[in-house]
Number of protein chains: 2
Amino acid sequence: MSNSKLYKGSLNTIILRLLSENSKMYGYEITQKVKELTKGALKITEGALYPALHKLEAEGLLDVEVQRVDNRLRKYYKLTEKGHRETVSKLNELERYIETMQALLNPKWAT
Amino acid sequence: MSNSKLYKGSLNTIILRLLSENSKMYGYEITQKVKELTKGALKITEGALYPALHKLEAEGLLDVEVQRVDNRLRKYYKLTEKGHRETVSKLNELERYIETMQALLNPKWAT
DNA sequence: AAATATACATAATTTACTTATGCATAATTT
DNA sequence: AAATTATGCATAAGTAAATTATGTATATTT
C-alpha cells in the first residue's frame with residue numbers, strides 16, 4: 001500500500017470515497033484510479049483490496065454485479081443505501097482524524 | 001485509542017512528536033497530554049503505549065531514565081540523536097499522508 | 001473505607017495489512 | 001513466434017499494531 005504505516009485503516013475510507021464519486025467501479029479500476037489520483041504515492045495491493053471489497057459487500061455496504069468485457073471478468077461494485085451513509089460517516093472520521101493529528105503536529109505550545 | 005481505525009499506525013508518530021517538544025516525558029504523562037491536546041478525542045491506551053515505548057527504546061530512538069517521585073516510579077523517556085532524525089522523517093510522512101488523503105477526499109473531479 | 005488517580009507491565013486475542021502464489025485472457029514488446 | 005506486461009480476479013500464510021483483559025502498587029480524593 002505504501003511504506004508508511006499511516007495508511008493502515010484508511011483503505012475502506014478510500015474505497016467508499018471513490019465509489020461515492022464513481023457510482024460503480026471494479027477492483028482493478030480502483031487500484032489504477034488511486035495510483036493516478038495520488039500520482040503514484042499510493043498503490044493499493046490486490047491482497048488488501050479484494051478481501052476488503054468482499055468484507056464491505058458482506059456487511060451490506062456494497063452491491064456487486066459481474067460483467068464480462070473482452071472475454072474477461074469484471075466485478076462492478078456500487079454503494080448500497082447503507083454504504084452511502086457509512087461513506088458520510090467515514091469521511092467525517094477522516095476529517096476529524098486530520099484535525100486531531102494537525103493539533104498534535106502544530107500545537108499552540110510549539111516553539 | 002479511538003473508535004476510528006484511522007489512528008492505527010499513528011502512535012509512534014505521536015509519541016515522537018510529543019518528545020520533540022517536551023524533551024522528556026513519562027508514559028502516563030503522554031496519555032494525559034494527548035487527551036488534553038485533542039480535547040478528549042484521542043485516548044492512548046496503556047496496552048498500546050507501553051509496548052510502543054519499549055520498542056522505540058529497543059530501536060535506539062529513545063533513552064530512558066527511571067525516577068522515584070512521591071514513592072512512585074516514573075520512567076522518563078527522551079529522544080536520542082537517532083530519535084530526532086526519525087521524528088523529522090515521521091512528521092514528513094504524516095504531512096504527505098494528509099496531502100494524499102486530501103487529494104482523495106477533495107479530488108478535482110468531485111462534483 | 002471505598003473509590004479514583006497515578007504509574008508501570010504483559011499476555012491473549014483481533015485485525016488489517018504484506019507477501020507470495022495461483023489462474024486466465026489480452027495486448028504489447030522483443 | 002515467443003516472451004513479457006497488462007488486465008482481472010482470488011486466497012493462504014505470515015506479520016505488526018492495536019484492543020482487551022489482567023496484574024501490581026502507592027497516593028489522593030470522596
Side-chain angles (χ1 to χ4, degrees), chain A residues 1-16 18 24-36 40 42-59 61-62 64-77 90 93-94 97 100-101, chain B residues 1-16 24-36 40 42-59 61-62 64-77 90 93-94 97 101:
Chain A
M1 207 166 166
S2 158
N3 60 323
S4 170
K5 289 166 192 163
L6 293 172
Y7 289 94
K8 263 185 198 301
S10 311
L11 182 55
N12 285 351
T13 305
I14 293 171
I15 293 171
L16 293 175
L18 289 178
K24 70 172 189 174
M25 299 182 84
Y26 55 101
Y28 185 77
E29 186 184 10
I30 292 176
T31 67
Q32 300 307 302
K33 196 70 179 177
V34 167
K35 209 191 291 181
E36 175 202 332
L42 189 55
K43 283 168 185 130
I44 306 296
T45 59
E46 296 157 301
L49 178 65
Y50 292 116
L53 287 171
H54 299 160
K55 198 179 176 204
L56 290 171
E57 188 198 350
E59 289 167 347
L61 303 179
L62 302 183
V64 69
E65 182 199 338
V66 180
Q67 274 189 27
R68 183 166 288 274
V69 179
D70 289 335
N71 206 31
R72 272 198 250 96
L73 266 191
R74 279 187 191 171
K75 293 181 80 170
Y76 278 98
Y77 291 91
K90 287 284 187 193
E93 261 184 33
L94 178 57
Y97 168 82
T100 299
M101 290 303 284
Chain B
M1 205 166 167
S2 157
N3 60 323
S4 170
K5 289 166 192 163
L6 293 171
Y7 290 94
K8 265 181 197 303
S10 310
L11 182 55
N12 285 350
T13 305
I14 292 170
I15 293 170
L16 293 175
K24 69 172 192 174
M25 298 183 83
Y26 56 101
Y28 185 77
E29 186 185 10
I30 293 175
T31 67
Q32 299 307 301
K33 195 71 179 177
V34 167
K35 209 191 290 179
E36 174 202 335
L42 188 55
K43 282 167 186 132
I44 306 296
T45 60
E46 297 157 301
L49 179 64
Y50 291 115
L53 287 172
H54 299 162
K55 198 179 177 205
L56 291 171
E57 187 197 350
E59 289 167 347
L61 303 180
L62 301 183
V64 69
E65 184 199 336
V66 180
Q67 275 188 26
R68 183 166 287 275
V69 179
D70 289 335
N71 205 32
R72 271 197 250 97
L73 266 192
R74 279 187 191 172
K75 293 181 80 172
Y76 277 98
Y77 291 92
K90 287 284 188 195
E93 262 184 32
L94 178 57
Y97 168 82
M101 290 303 284

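Because only heavy atoms are used, hydrogens play no part in the values below, and waters and symmetry mates are left out as well, while side chains stay in. Chain letters run A, B, ... following the sequence lines, proteins first and then strands; every chain starts at 1.
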Practice task
Pick base, sugar-phosphate or nothing for A:Thr31, based on heavy-atom distances below 4.0 Å to the nucleic acid.
Solution key: nothing

Problem - Short side-chain N/O contact from B:Tyr26 to OP1 or OP2 of C:dA7, under 4.0 Å - result: yes

Exercise for the section: Give the rounded distance in Å between these two atoms: CD of A:Glu36 and P of D:dT7. Expected result: 12 Å

Problem - Presence of A:Tyr50 side-chain N/O under 4.0 Å of D:dC9 phosphate oxygens OP1/OP2 - result: yes

Practice task
Output yes when at least one side-chain N/O atom of B:Tyr28 is less than 4.0 Å from OP1 or OP2 of C:dC8, else no.
Solution key: no

Fill in the blank from the handout: Heavy-atom closest pair (A:Met101 atom, B:Leu94 atom, distance to 0.1 Å) is CE-CD2, 3.8 Å

Exercise for the section: Report which part of the nucleic acid A:Gly47 touches: base, sugar-phosphate, or nothing (heavy-atom distance under 4.0 Å, all strands). Expected result: base

Exercise for the section: Looking at every strand, decide which applies to A:Ser2 at a 4.0 Å heavy-atom threshold: base, sugar-phosphate, or nothing. Expected result: sugar-phosphate

Problem - Closest to side chain of A:Ala48, choosing from C:dT18, D:dT11, D:dT20 - result: C:dT18

Exercise for the section: Give a yes/no on whether any side-chain N or O of B:Lys5 is located under 4.0 angstrom from OP1 or OP2 of C:dT15. Expected result: no

Practice task
Starting from the 5' end of DNA chain D, give me the residue, A:Tyr76 or A:Lys8, whose nearest nucleotide shows up first.
Solution key: A:Tyr76

Problem - Base-paired stems in DNA chain C, each at least three Watson-Crick or G-U pairs under 3.5 Å - result: C:1-30 with D:1-30

Handout entry: Exercise: identify the closest heavy-atom pair between A:Glu29 and A:Met25
Key = OE1-CA, 3.2 Å

Practice task
Using side-chain contact (heavy atoms from CB on, under 4.5 Å) as the criterion, point out the one residue from B:Glu93, B:Lys8, B:Lys90 that pairs with A:Leu6.
Solution key: B:Glu93

Exercise for the section: Starting at atom CZ of A:Arg74, determine the distance to atom C1' of D:dA10, rounded to an integer number of angstrom. Expected result: 18 Å

Exercise for the section: Check B:Val34 against B:Leu42 and note the closest heavy-atom contact, atom names and distance. Expected result: CG1-O, 3.5 Å

Handout entry: A:Glu46 CD to C:dA16 C1', straight-line distance once rounded to whole Å
Key = 17 Å

Completion exercise
Of B:His54 and A:Leu11, the one whose closest nucleotide on DNA chain C sits nearer the 5' end is B:His54

Practice task
Using distance alone, with no hydrogens and no angle criterion, decide if A:Ser10 and B:Tyr97 have a side-chain donor and acceptor under 3.5 Å apart.
Solution key: yes

Handout entry: Gap between atoms CD1 and P, on A:Ile44 and C:dA16 respectively (whole Å)
Key = 15 Å

Handout entry: For the student: nearest non-hydrogen atoms of A:Tyr28 and A:Tyr50, plus distance
Key = N-OH, 3.9 Å

Exercise for the section: Would you tell me if any nitrogen or oxygen in the side chain of A:Lys75 comes within less than 4.0 Å of OP1 or OP2 on D:dA10? Expected result: yes

Fill in the blank from the handout: Taken to the nearest whole Å, CG/A:Leu42 to P/C:dC17 is 11 Å

Handout entry: side-chain contact (heavy atoms from CB on, under 4.5 Å) assessment of B:Arg68 paired with B:Leu73
Key = CA-CA 5 Å; B:Arg68 183 166 287 275; B:Leu73 266 192; 4.1 Å; yes

Handout entry: Shortest non-hydrogen contact between B:Ala52 and B:Ile15, atoms and distance
Key = CB-CD1, 4.0 Å

Completion exercise
Between A:Ile44 and A:Thr31, the two heavy atoms sitting closest are O-CG2, 3.7 Å

Practice task
Specify the separation, in whole Å, of atom CG of A:Leu49 and atom P of C:dT18.
Solution key: 11 Å

Problem - Nearest-Å distance for atom pair CD/C1', residues A:Gln32 and D:dA6 - result: 9 Å

Exercise for the section: Would you check, one step at a time, whether the test side-chain contact (heavy atoms from CB on, under 4.5 Å) holds for A:Tyr77 with A:Ile30? Expected result: CA-CA 10 Å; A:Tyr77 291 91; A:Ile30 292 176; 5.7 Å; no

Fill in the blank from the handout: Residues of residues 65-73 of chain A with a heavy atom under 4.0 Å from any atom of DNA chain D, listed by number, are A:Arg72, A:Leu73

Exercise for the section: For A:Lys55, answer base if it contacts any base atom (sugar-phosphate contacts may also be present), sugar-phosphate if it contacts only those atoms, and nothing otherwise; contact means non-hydrogen atoms under 4.0 Å. Expected result: sugar-phosphate

Handout entry: Rounded distance (Å) that lies between atom P of D:dT7 and atom NZ of A:Lys43
Key = 14 Å

